[in-house]
Amino acid sequence: MTNNDIVQKLWNLCDVLRDDGINYSDYVTELVLLLFIKMVHENNEAGILNRHPLPEGCRWQDLNGKDGLVLLNDYKATLLALSTGKRTEADPENPGQTMEVTIHEDPLIQAIYADAQTRLREPRHLKQLIEAVDKIDWFSAAKDGLGDLYEGLLEKNANETKSGAGQYFTPRALIDSMVRCIKPQAGEVIQDPAAGTAGFIISADTYIKQQTDDLCDLSDQQNQFQKNKAYMGVELVPNTRRLALMNCLLHNIEGDEEGAVHLGNALGQVGASLAKADVILANPPFGTSKGGEASITRDDLTYRTSNKQLAFLQHIYRNLKPGGRAAVVLPDNVLFEAGVGTDIRRDLMDKCNLHTILRLPTGIFYAQGVKTNVLFFTKGAANDKSQKEGCTKNVWVYDLRTNMPSFGKRAPFGENHLKPFEAVYGEDANGTSPRTEGEYSFGAEEIAVDKSAEENKGVDGSEEAQQKLAHSRWRCFTRDWIAETKGDSLDISWLKDKDSVDAADLPAPEVLAREAKDGLTSALVKLDELLDELGEA
């Protein structure tokens, strides 16, 4: 049985939850409260060292075999005990009296089960869940790692639901591609200030384990660093942070006493107190601070803005160590917003080498209509990581958006769509590998060119070179050209979608205005005729 088969079996249990009146968006949270207890049990059965064991009375075998209200009440008591670290028991010295007993003092387990409550009301439904989970082939699941199984469940939830964890889930193929480009290394501090369910942290850890023979090439001290100090995420939503903590622990990432993902607002004091990072990987939430989940309370950001993505971008490039590198998913408005947006982009290009922009296709995120990009940058200049001005010389842009399919459940976005980009990105994580303009994947040679962009002059501004590269998905633009021609907007495109209207083919403005006026005049005449007919009737 494959992990995908097991994930589907677990997802099918959501029918039981629905029968108990539990909302679609709460399926995974409800399921993993129980599932985590089972996974800890399976790790113990497999002889895997678990530094965070569940206390007696709160283990899988303490639930299995019970029935009726006794089972449901004991399960509720278990969640409360795991959350608080305490349990109410009979006082042996005072018959008829109860006393509060400390059963564990593990802050990570308390964080995972903080305020955990089940919404199950029917004991028979809980019994169904326990029996179904018990019948799963856990031996097969353990071969690939219980963490990978958990990841699959989170991904399933993101793909299937229209709310809930879907809004926090970045496509796995994109996460892994960003990690392969940035190449995190053992011993580096890796952060995600908008951690969600910890996808970037897990992917970075997996990449490092692949490079170090599952950390066996590291000393005990280095190994301990990877488990406890290498990763730091921040997540604002408690239930999402719970999923992230479970995800990390099942992948053997413990973090500090609060776990690898802290609860808080990266645009508030929690973010301001973060240590500098070697690597930052992130997909900040969409929206503005007025209508979003976070408020921007930082007073250490140079440029004040209500745009959360612009605030996150400031935090990220400020929080990198000299020579530190980042890959960040950001919507189009960050690339072209005027005013403070322009100031922040200039500051970014001054303090960092913004070497690469990947224009992503639409339809790959929870917010379907949002157009997004990945910005890759390194703190400092290519040849001087301490440089603080004029660090960006050239920006390479890969257009994976124009004339691409409409991605979704029927046409999933996958690793094969990102491989051509990774090939031209090169082996150097800082984007300094030798690069050549020209990449023609996904029918690029057949795509029309936006006439308004024909004057785009990159590193080589010759007419012959521009015509040759007009249909390429991979272009280079100098910092001077971006400043002089684009006014420091980074919304750079040159290919034309097949359904778009080319501004260069439109009539002159006065002709358009006259046509609009004639159309309105004709409509008014027809309305007058209709009113006359109605009056006569």
Side-chain angles (χ1 to χ4, degrees), residues 10 13 29-120 123-136 138-139 141-142 145-147 149-150 227-228 238 241-260:
L10 290 171
L13 296 179
T29 299
E30 184 72 49
L31 188 55
V32 298
L33 291 176
L34 183 66
L35 194 59
F36 186 76
I37 299 174
K38 176 62 173 177
M39 287 181 163
V40 171
H41 172 76
E42 290 299 323
N43 274 338
N44 290 336
E45 289 290 295
I48 298 174
L49 179 63
N50 186 359
R51 292 185 56 207
H52 300 275
L54 300 182
E56 290 186 17
C58 298
R59 298 170 182 169
W60 185 255
Q61 55 267 37
D62 297 314
L63 295 172
N64 210 352
K66 293 181 179 177
D67 212 337
L69 282 174
V70 172
L71 171 62
L72 184 57
N73 290 335
D74 280 1
Y75 180 54
K76 290 179 179 179
T78 294
L79 296 182
L80 180 62
L82 291 174
S83 172
T84 62
K86 301 180 185 299
R87 181 168 54 212
T88 301
E89 295 181 354
D91 187 343
E93 297 181 0
N94 299 291
Q97 300 292 316
T98 59
M99 58 185 292
E100 195 173 67
V101 178
T102 298
I103 59 170
H104 79 88
E105 295 180 333
D106 188 329
L108 185 51
I109 294 299
Q110 286 184 239
I112 286 175
Y113 281 93
D115 301 319
Q117 295 180 355
T118 179
R119 291 181 172 82
L120 286 166
R124 60 189 176 89
H125 289 145
L126 178 57
K127 182 71 171 178
Q128 277 182 266
L129 291 176
I130 291 174
E131 289 179 344
V133 168
D134 236 7
K135 290 177 182 176
I136 287 174
W138 290 99
F139 177 77
L146 296 182
L149 172 61
Y150 182 84
K227 288 183 180 180
N228 300 114
R241 188 234 183 175
R242 185 199 315 284
L243 300 178
L245 289 175
M246 290 182 179
N247 201 5
C248 288
L249 198 53
L250 289 169
H251 283 88
N252 205 25
I253 302 170
E254 298 179 10
D256 58 22
E257 286 194 350
E258 294 183 55

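Note that the structure is predicted; figures quoted are calculated from it, not measured.
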For [X], does the [atom1] atom sit with more than 12 other heavy atoms under 6.0 Å from it, leaving out its own atoms?
{"X": "D115", "atom1": "CG", "result": "no"}
{"X": "Q61", "atom1": "CD", "result": "yes"}
{"X": "Q117", "atom1": "CD", "result": "no"}

For T118, enumerate each residue passing the side-chain hydrogen bond (donor to acceptor under 3.5 Å, both in side chains) test, keeping only those at least two apart in sequence or located in another chain.
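For T118, the residues satisfying side-chain hydrogen bond (donor to acceptor under 3.5 Å, both in side chains) (neighbours in sequence not counted) are E30.
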Spell out, as yes or no, whether a donor-acceptor pair under 3.5 Å connects the side chain of [X] to the backbone of [Y].
{"X": "H104", "Y": "L82", "answer": "yes"}
{"X": "D62", "Y": "C58", "answer": "yes"}
{"X": "R242", "Y": "A114", "answer": "yes"}
{"X": "N228", "Y": "D256", "answer": "no"}

Do [X] and [Y] have side-chain heavy atoms sitting under 4.5 Å apart?
{"X": "L54", "Y": "W60", "value": "no"}
{"X": "N43", "Y": "V40", "value": "no"}
{"X": "I253", "Y": "N247", "value": "no"}

Scan for side chain to side chain donor-acceptor pair (under 3.5 Å) pairs involving residues 72-82, sequence neighbours excluded, and state none if there are none.
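Those involving residues 72-82 are K66-D74.
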Suppose we screen for salt bridge (Lys or Arg N to Asp or Glu O under 4.0 Å). Which residues come up paired with E100, at least two apart in sequence or across chains?
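Listed in chain order: nothing, the list is empty.
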Enter the distance from H41:NE2 to L63:CG here, rounded to the nearest 0.5 Å.
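Those atoms lie 11.0 Å apart.
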When rounded to the nearest 0.5 angstrom, what is the spacing between CG in L129 and CG in L33?
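The distance works out to 11.5 Å.
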Determine, for K135 against E131, whether the closest basic-nitrogen to carboxylate-oxygen distance falls under 4.0 angstrom.
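So K135 does not pair with E131 through a salt bridge.
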